[in-house]
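Single-structure report; data block below.
Hydrogens, waters and symmetry mates play no part in the numbers below; they use all other heavy atoms, side chains included. Ligands are counted one by one from 1 in listed order, and the atoms in each one are counted from 1 as well.
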Amino acid sequence: MRIDILTTFVEMFAGPFDESILKRAQESGQARIFVHNLRDWTHDRHHKTDDEQFGGGDGMIMLARPLIEATEDLRRQTDGPTHVLLTTPQGRQFTQSVAEELSTREHVIILCGHYKGVDQRVIDYLQPDEISIGDYVLTGGEIPAMVIVDAIVRLIPGVVNSIGSVQEDSFTSGLLDCPRYTRPRSIFGLSVPDVLLSGNHAEIDRWRLEQAEEQTRKRRPDLYRQYRESGKTVPEAEDPSS
Ligand code: ADE
């Protein structure tokens with residue numbers, strides 16, 4: 001997968017993309033990630049990427065020309081189809097299923113929205129997939145772009161060592177994760193549940209599912225309802241109150 005990111009804050013991406021799984025994915029060639037300075041597509045002396053809005057009002061608006069020309073240039077870098085994303089609080093909500101859908105794309109271009117937003121003609125012309133990472137407003141689209149890249153790259157087959165580990169993720173199953181433990185068996189008067197030390201894998205699987213269901217029911221009734229409606233729940237673990 002190739003990912004191109006267009007931003008005026010290139011340096012922000014150095015840390016997150018140069019560590020851990022994202023670093024390994026790039027070294028192995030599973031993900032090719034390029035961060036581009038939008039100013040490289042400006043034509044004026046000051047490399048202007050934004051301006052005041054028509055009609056008045058606070059906040060600068062990102063210019064249409066650099067975003068559109070840069071996107072068109074980057075599209076031509078690959079032969080196949082390109083999926084263009086725009087990070088914006090006005091977008092559709094980013095979820096694990098959106099991440100799964102995006103992780104199958106060959107070429108993704110992410111436009112980082114900034115300031116008060118982008119000129120509407122960027123949206124009209126490029127028709128990007130507008131994505132919000134949550135119902136809150138950040139200072140810009142760079143952190144959302146990092147979140148999106150992290151979530152989709154780890155889903156590329158082979159990037160996370162164990163396929164099982166990705167399939168067991170919270171949300172992939174429709175449930176939050178169950179509690180997990182490691183050594184020592186007892187600490188500060190708190191012990192690992194006996195079932196996890198029993199060696200009985202069927203029992204362990206059942207306990208984990210029950211815990212995940214219980215956790216989801218209490219913390220995220222919205223997710224739990226969807227999970228129940230999907231019919232995935234095992235009969236023995238069904239909620240007796242409903
Ligand atoms: N830009 C500012 N806030 C954002 C959000 N919540 N999601 C995506 N882009 C943003």
State plainly whether the residues [X] and [Y] are in salt-bridge range, i.e. N to O under 4.0 Å.
X      : Y      : result
Glu101 : Arg92  : yes
Arg2   : Asp4   : yes
Lys218 : Glu214 : yes

Which protein N or O atoms sit under 3.5 Å from any N or O of ligand 1? Give each pair with its distance.
{"residue": "ligand 1", "atom": "3 (N)", "partner": "Leu138", "partner atom": "N", "Å": "3.0"}
{"residue": "ligand 1", "atom": "6 (N)", "partner": "Gly134", "partner atom": "O", "Å": "3.2"}
{"residue": "ligand 1", "atom": "6 (N)", "partner": "Tyr136", "partner atom": "O", "Å": "2.8"}
{"residue": "ligand 1", "atom": "7 (N)", "partner": "Ile133", "partner atom": "N", "Å": "3.0"}
{"residue": "ligand 1", "atom": "9 (N)", "partner": "Thr88", "partner atom": "N", "Å": "3.2"}

When you look at CZ of Arg185, are more than 12 heavy atoms from neighbouring residues, nucleotides or ligands closer to it than 6.0 Å? no
Parallel, tilted or perpendicular: which fits the ring planes of Trp207 and Tyr181, with parallel below 30° and perpendicular above 60°? tilted
Ile33 side chain near Phe13 side chain, heavy-atom distance below 4.5 Å: no
